[in-house]
2 protein chains.
Amino acid sequence: MVERTIELNDIFASLADPTRRDILARVARGELSVSDIANGYDMSLAAISKHVNVLERAKLIIKRREGKKQMVTLAPDALMSADEYLEQYRQMWEQKFNKLDELLKEE
Amino acid sequence: MVERTIELNDIFASLADPTRRDILARVARGELSVSDIANGYDMSLAAISKHVNVLERAKLIIKRREGKKQMVTLAPDALMSADEYLEQYRQMWEQKFNKLDELLKEE
DNA sequence: CTATCATTTAACTATATGGTTGAACGAACG
DNA sequence: CGTTCGTTCAACCATATAGTTAAATGATAG
């Protein structure tokens with residue numbers, strides 16, 4: 001399994017911030033402009049613009065210009081990379097659950 | 001779906017560092033002491049100790065004392081939280097794959 | 001009870017992050 | 001072409017992070 005270090009660094013660093021996770025969740029429901037996103041946070045537009053840039057650098061979103069607006073779309077591939085990273089550990093917690101199951105059956 | 005903000009912050013922030021991801025991978029193969037871990041990094045023991053503390057705060061590992069040594073074990077539950085977070089997006093990239101599949105079939 | 005091994009803490013440095021405000025830029029409208 | 005709308009950039013501030021070295025602490029072995 002090849003670890004794509006830089007990508008994972010940026011992806012996980014992006015996800016470590018609750019504002020960015022929230023932006024991601026909102027964008028997942030449908031394309032939004034940067035100011036659409038900024039509505040609903042008690043934070044300057046510039047701050048939101050920065051967050052969006054962080055998400056873009058991590059390739060978690062894509063921006064495209066539509067007239068004056070910058071439209072932001074979810075780009076799920078990067079999340080898939082994060083998921084692939086976790087994949088290698090998945091069996092470990094599943095194993096733990098199986099042990100728990102067996103204990104419960106024994107009662 | 002309830003987002004456990006603080007936990008995810010700590011978990012993802014932990015995973016954003018390649019040294020910590022590596023420590024996690026090594027610990028996953030079996031319990032190691034802090035100095036066992038430190039062997040193999042060109043970094044002071046104190047630095048490794050800090051990384052281990054970050055992982056501990058995120059509940060990604062558990063430390064227990066065994067004599068002089070602090071033994072470090074993987075605690076998969078926190079990784080499971082990260083996985084649950086990604087769960088909500090999983091269908092999005094699966095959808096994307098399905099579309100790709102259909103395109104390939106058409107040829 | 002002191003020497004030694006394993007680890008942590010303290011103090012410090014450098015850089016990164018997350019926020020602010022104000023100015024600048026790019027695109028469209030009249 | 002000047003104004004306005006949407007966004008970014010620049011400069012700045014406060015705090016956090018990742019590392020260092022040196023000193024302190026914990027736990028065992030003699």
Side-chain angles (χ1 to χ4, degrees), chain A residues 3 5-27 30-73 78, chain B residues 3 5-27 30-75 78:
Chain A
E3 233 219 50
T5 303
I6 300 152
E7 290 148 47
L8 286 178
N9 291 357
D10 285 350
I11 293 166
F12 285 130
S14 286
L15 295 177
D17 185 282
T19 304
R20 284 192 296 260
R21 284 198 303 278
D22 201 67
I23 291 173
L24 222 51
R26 289 179 58 197
V27 165
E31 207 176 31
L32 290 174
S33 74
V34 174
S35 21
D36 288 341
I37 294 170
N39 283 339
Y41 299 100
D42 188 22
M43 202 182 293
S44 70
L45 189 61
I48 295 297
S49 173
K50 278 189 186 180
H51 279 305
V52 169
N53 275 320
V54 172
L55 290 167
E56 192 185 23
R57 203 182 48 197
K59 301 200 173 72
L60 285 161
I61 56 134
I62 293 166
K63 277 197 296 192
R64 76 186 168 78
R65 194 165 264 289
E66 189 177 296
K68 295 178 187 174
K69 295 180 185 170
Q70 286 279 9
M71 302 305 290
V72 177
T73 322
Chain B
E3 233 218 49
T5 302
I6 300 151
E7 290 148 48
L8 286 178
N9 291 357
D10 285 350
I11 293 166
F12 285 130
S14 286
L15 295 177
D17 185 281
T19 304
R20 284 192 296 259
R21 283 199 305 278
D22 201 67
I23 291 174
L24 223 51
R26 289 179 58 196
V27 164
E31 206 176 31
L32 291 174
S33 73
V34 174
S35 19
D36 288 342
I37 294 170
N39 284 339
Y41 299 101
D42 186 21
M43 202 182 292
S44 70
L45 190 62
I48 295 297
S49 172
K50 278 187 186 182
H51 279 307
V52 169
N53 275 319
V54 172
L55 290 167
E56 192 185 24
R57 202 183 49 197
K59 301 200 172 70
L60 286 161
I61 57 132
I62 292 166
K63 277 197 297 193
R64 76 185 170 79
R65 194 165 265 288
E66 189 176 298
K68 295 179 186 174
K69 295 181 184 171
Q70 287 278 9
M71 301 306 290
V72 177
T73 322
L74 184 74

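The basis for the numbers below is simple: all heavy atoms, side chains too, and nothing from hydrogens, waters or symmetry mates. Note on naming: letters A, B, ... go to the chains in the order of the sequence lines (proteins, then strands), and numbering restarts at 1 for each one. Note that the structure is predicted; figures quoted are calculated from it, not measured.
When the P atom of D/dT20 is taken as reference, atom CD1 of B/Ile48 falls 9 Å away, rounded to whole Å. Atom P of nucleotide D/dG26 and atom CD of B/Gln70 are separated by 12 Å, given to the nearest angstrom. D/dA29 atom C1' lies 14 Å from atom NZ of B/Lys69, rounded to whole Å. Rounded to an integer number of Å, the gap from CZ of B/Arg20 to P of D/dG19 is 8 Å. As rounded to whole Å, 13 Å separates atom C1' of D/dA16 from atom CG of B/Asp10. Distance CG (B/Asn9) to C1' (C/dG18): 13 Å, rounded to an integer number of Å. Regarding B/Tyr41, its OH atom lies at a distance of 11 Å from the P atom of D/dG19, rounded to whole Å. Taking atom CG of residue A/Leu45 and atom P of nucleotide C/dG19, one finds them 13 Å apart after rounding to whole Å.
Of the two residues near DNA chain C, A/Met43 and B/Asn53, the one whose nearest nucleotide lies more 5' is B/Asn53.
Taking only side-chain nitrogens and oxygens, A/Ser44 never comes nearer than 4.0 Å to OP1 or OP2 of C/dG19. In this model, the phosphate group of C/dT8 is approached by a side-chain N or O of B/Ser49 to a distance below 4.0 Å at OP1 or OP2.
Contacts between residues 55-66 of chain B and DNA chain D, defined by a heavy-atom separation below 4.0 Å, involve B/Arg65, listed by number.
Looking at B/Val34 and B/Val72, their side chains come closer than 4.5 Å, going by heavy atoms from C-beta outward.
The backbone N or O of A/Ile37 sits less than 3.5 Å from a side-chain atom of A/Arg26, completing a donor-acceptor pair. Side-chain N or O atoms of A/Ser49 include none that pairs as donor or acceptor with a backbone N or O of A/Leu45 at under 3.5 Å. Side-chain atoms of B/Arg64 do not come within 3.5 Å of backbone N or O of B/Thr73 as any donor-acceptor pair. B/Arg57 contributes no side-chain N or O that, together with a main-chain N or O of B/Ser14, makes up a donor-acceptor pair within less than 3.5 Å.
Counting distance only, with no hydrogens placed and no angle test, the side-chain atoms of A/Lys50 and the base atoms of C/dG19 include a donor-acceptor pair under 3.5 Å.
A/Lys68 comes within 4.0 angstrom of a nucleotide base, judged by non-hydrogen atoms across all strands. The residue A/Ala13 sits apart from the nucleic acid: no heavy atom pair falls under 4.0 Å.
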Practice problem: Check step by step if side chain to side chain contact (heavy atoms under 4.5 Å, CB included) holds for A/Arg21 and B/Phe12. | Solution: CA-CA 11 Å; A/Arg21 284 198 303 278; B/Phe12 285 130; 4.2 Å; yes
Exercise. Go through A/Lys63 and A/Asn53 one step at a time and tell me if the side chain to side chain contact (heavy atoms under 4.5 Å, CB included) criterion holds.
Key: CA-CA 9 Å; A/Lys63 277 197 296 192; A/Asn53 275 320; 3.2 Å; yes
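Of the candidate nucleotides C/dG18, D/dT8, D/dG6, C/dG18 has the atom nearest to the side chain of A/His51.
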